[in-house]
Amino acid sequence: MKADIKKFNLIFVLFFFFSIPAPCRSAEVRQPVWAGIFYPATEAALTKTIKKLISKARETGGKPVNSTQLRALILPHAGYAYSGLTAAHAALALENQKITRVILM
């Protein structure tokens with residue numbers, strides 16, 4: 001019985017792997033398409049923008065979140081001009097928190 005389960009698992013994994021189109025299995029790293037449009041294009045400019053947003057969020061922030069109160073957090077990911085400050089506030093809520101699970105959609 002265990003041998004059958006192992007064989008099934010192996011067949012399933014192989015089937016799943018080979019059913020994925022070859023470009024999806026590529027080792028190449030896709031270059032960012034929206035760099036310079038929805039967020040800064042260079043690392044230096046991106047770092048500066050994030051630091052500025054975090055600083056502004058600290059100035060306008062509310063009370064710190066207690067780790068026992070925080071159950072879920074949705075961090076927006078639209079262009080920084082639109083949701084950057086909201087994302088910075090959310091990121092600050094995670095400061096000094098023990099994160100056990102992240103779900104990325």
Side-chain angles (χ1 to χ4, degrees):
M1 188 67 156
K2 285 186 179 183
D4 291 336
I5 293 172
K6 286 183 181 180
K7 192 183 299 183
F8 173 79
N9 287 340
L10 177 61
I11 291 169
F12 178 77
V13 168
L14 290 174
F15 173 77
F16 181 75
F17 178 77
F18 287 109
S19 68
I20 298 172
C24 295
R25 294 192 307 254
S26 175
E28 294 178 26
V29 176
R30 181 180 160 280
Q31 295 301 309
V33 178
W34 300 106
I37 298 171
F38 289 108
Y39 57 89
T42 66
E43 182 180 353
L46 182 60
T47 300
K48 183 179 177 181
T49 300
I50 291 172
K51 285 181 178 182
K52 189 178 190 181
L53 288 165
I54 292 291
S55 176
K56 191 169 184 180
R58 286 191 195 283
E59 292 172 14
T60 61
K63 65 178 185 167
V65 176
N66 183 330
S67 62
T68 59
Q69 295 172 322
L70 187 61
R71 293 288 177 241
L73 179 69
I74 298 173
L75 191 76
H77 67 281
Y80 288 4
Y82 308 107
S83 67
L85 186 57
T86 301
H89 278 283
L92 288 177
L94 297 174
E95 199 171 42
N96 301 319
Q97 301 290 328
K98 181 181 175 186
I99 308 300
T100 58
R101 185 174 299 144
V102 174
I103 299 172
L104 180 64
M105 293 189 221

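- Residue pairs meeting the salt bridge (Lys or Arg N to Asp or Glu O under 4.0 Å) criterion with at least one partner in residues 74-97, sequence neighbours excluded, are Arg58-Glu95.
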Counting only pairs under 3.5 Å, give me each side-chain donor-acceptor contact of residues 44-55, with atom names and distances, residues two or more places apart or in other chains.
{"from": "Thr47", "atom 1": "OG1", "to": "Glu43", "atom 2": "O", "distance (Å)": "2.9"}
{"from": "Thr49", "atom 1": "OG1", "to": "Ala45", "atom 2": "O", "distance (Å)": "2.9"}

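- Partners of Phe38 under the ring-ring contact (aromatic ring centres under 6.0 Å, His included) rule, at least two apart in sequence or in another chain, are Trp34.
- Within 6.0 Å of the CD1 atom in Ile74, the count of heavy atoms belonging to other residues, nucleotides or ligands does not exceed 12.
- Every side-chain hydrogen bond (donor to acceptor under 3.5 Å, both in side chains) that Thr60 has, sequence neighbours left out, goes to His89.
- Applying the side chain to side chain contact (heavy atoms under 4.5 Å, CB included) criterion to Ala93, with sequence neighbours excluded, gives Val65.
- Annotation: side chain of Tyr82 is not in contact with side chain of Pro76 (no heavy-atom distance under 4.5 Å).
- Shown here for Leu92 and Ala57, the closest heavy-atom pair between the two residues is CD1-CB, 3.6 Å.
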